[in-house]
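Shown next, in structure tokens, is the structure this report addresses.
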Amino acid sequence: MDKTGSFFLPPPHSTVAGDIDALFNFIYFSSAILLALVTAAMVLFIVRYRRRGAATTTSGMAHNTALEITWTLIPTIVVFIIFAWGFKGFIRLHVAPANSMQVKVTGQKWFWSFDYPDGASSVNELLVPAGQPVKLLMSSKDVIHSFYVPTFRIKMDVLPNRYTIAWFEATDTGNFNLFCTEYCGTKHSEMIGKVRVVTERQYAEWLETQSGPGAGESLVDYGARLYSQKACITCHSSDGKAGTGPTFKGIFGHTVDLEGGQSVEVDENYIRESILEPKAKVVRGFQPVMPTYQGLLKDKQIDGLVEYIKSLK
Ligand code: CUA
């Protein structure tokens, strides 16, 4: 969708932008009206009550209670409106919706990195689906940075040794500027990133291409990481101990007996099948209680788990 900004503000592209802009405009225009009124009154009084000669005297009036109450009460009401409105917006900006997707944001000299729930990561480009609340859990590796996306109307300091939180729900797809807005050293001005808002489907496709071992991580190490990340560890031990499911230790290449009397050699295909269709070939003595990981694990992740199981001799 094409949206244009105003003279003061860039185009709004998040769910909170409308509220924030309305409050900004209210403060701006009430200040402008007040400035005009005070200036006009001042000019009027200067002209009208100027000293016209030695014979004239100024008014003897000391005060006017009704007038003083009026000019105290009206600004007080305006200030309270601004406070209530601003406080409501402050709370809204600081409490992420319960259905938010969490992205870990790390600021460091002089770039941004992002870690997604599925193990994907990116640098200087935050990729998110439109229409999905995104909670940013942020920290810094060195000095104070600040995460600022003008079109979303969000800005939050990113600190070392402490987490800060910001959230947004992008209303439109597109590329939006991300700035560091806390002076953080010589290349502060180059600490610029992008938020790329895509459709749900494009996001899923991107995740598919992203999931895989991290830089310098072997397939075995990747599998070992997934083993705990994907909670295989809760039922399958890696040290031979019995659990809800068979241990992974020393099973690869061996033949196991199945419920129903058959047997099978534990090879790559059997492991893959057991991850995707756990009830197809259940090892004797175990209950068919494992949930399917169909759709939850990408091919690369299954490869990693297979290599990890192979490594447990
Ligand atoms: Cu990071 Cu300025």
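For ligands, and for the atoms within them, numbers begin at 1 and follow the listed sequence. As the structure is a computational prediction, the values presented were derived from the model and not from experiment.
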Could you state the interatomic distance from CH2 (Trp112) to CG (Asn124), rounded to the nearest 0.5 Å?
-> 9.5 Å

Classify the angle between the aromatic ring planes of Phe87 and Phe83 as parallel (below 30°), tilted (30 to 60°) or perpendicular (above 60°).
-> parallel

Atom 2 (Cu) of ligand 1 -> Glu182, closest N, O or S atom is O

Nearest-0.5 Å distance, NE2 of residue His145 to OG1 of residue Thr106 | 10.0 Å

Measuring to atom 1 (Cu) of ligand 1, does Met191 have an N/O/S atom at a distance below 2.8 Å?
-> yes

Which heavy atom of His94 sits nearest a heavy atom of Trp167, and at what distance?
-> N-NE1, 4.4 Å

State the atom name: nearest N, O or S atom of His188 to atom 2 (Cu) of ligand 1.
-> ND1

Aromatic plane relationship, His188 with Tyr183 - under 30° parallel, 30 to 60° tilted, over 60° perpendicular | perpendicular

Output yes if Cys180 passes the N/O/S-under-2.8 Å test against atom 1 (Cu) of ligand 1; output no otherwise.
-> yes

Please find the N/O/S atom of His145 nearest to atom 1 (Cu) of ligand 1 and write down its name.
-> ND1

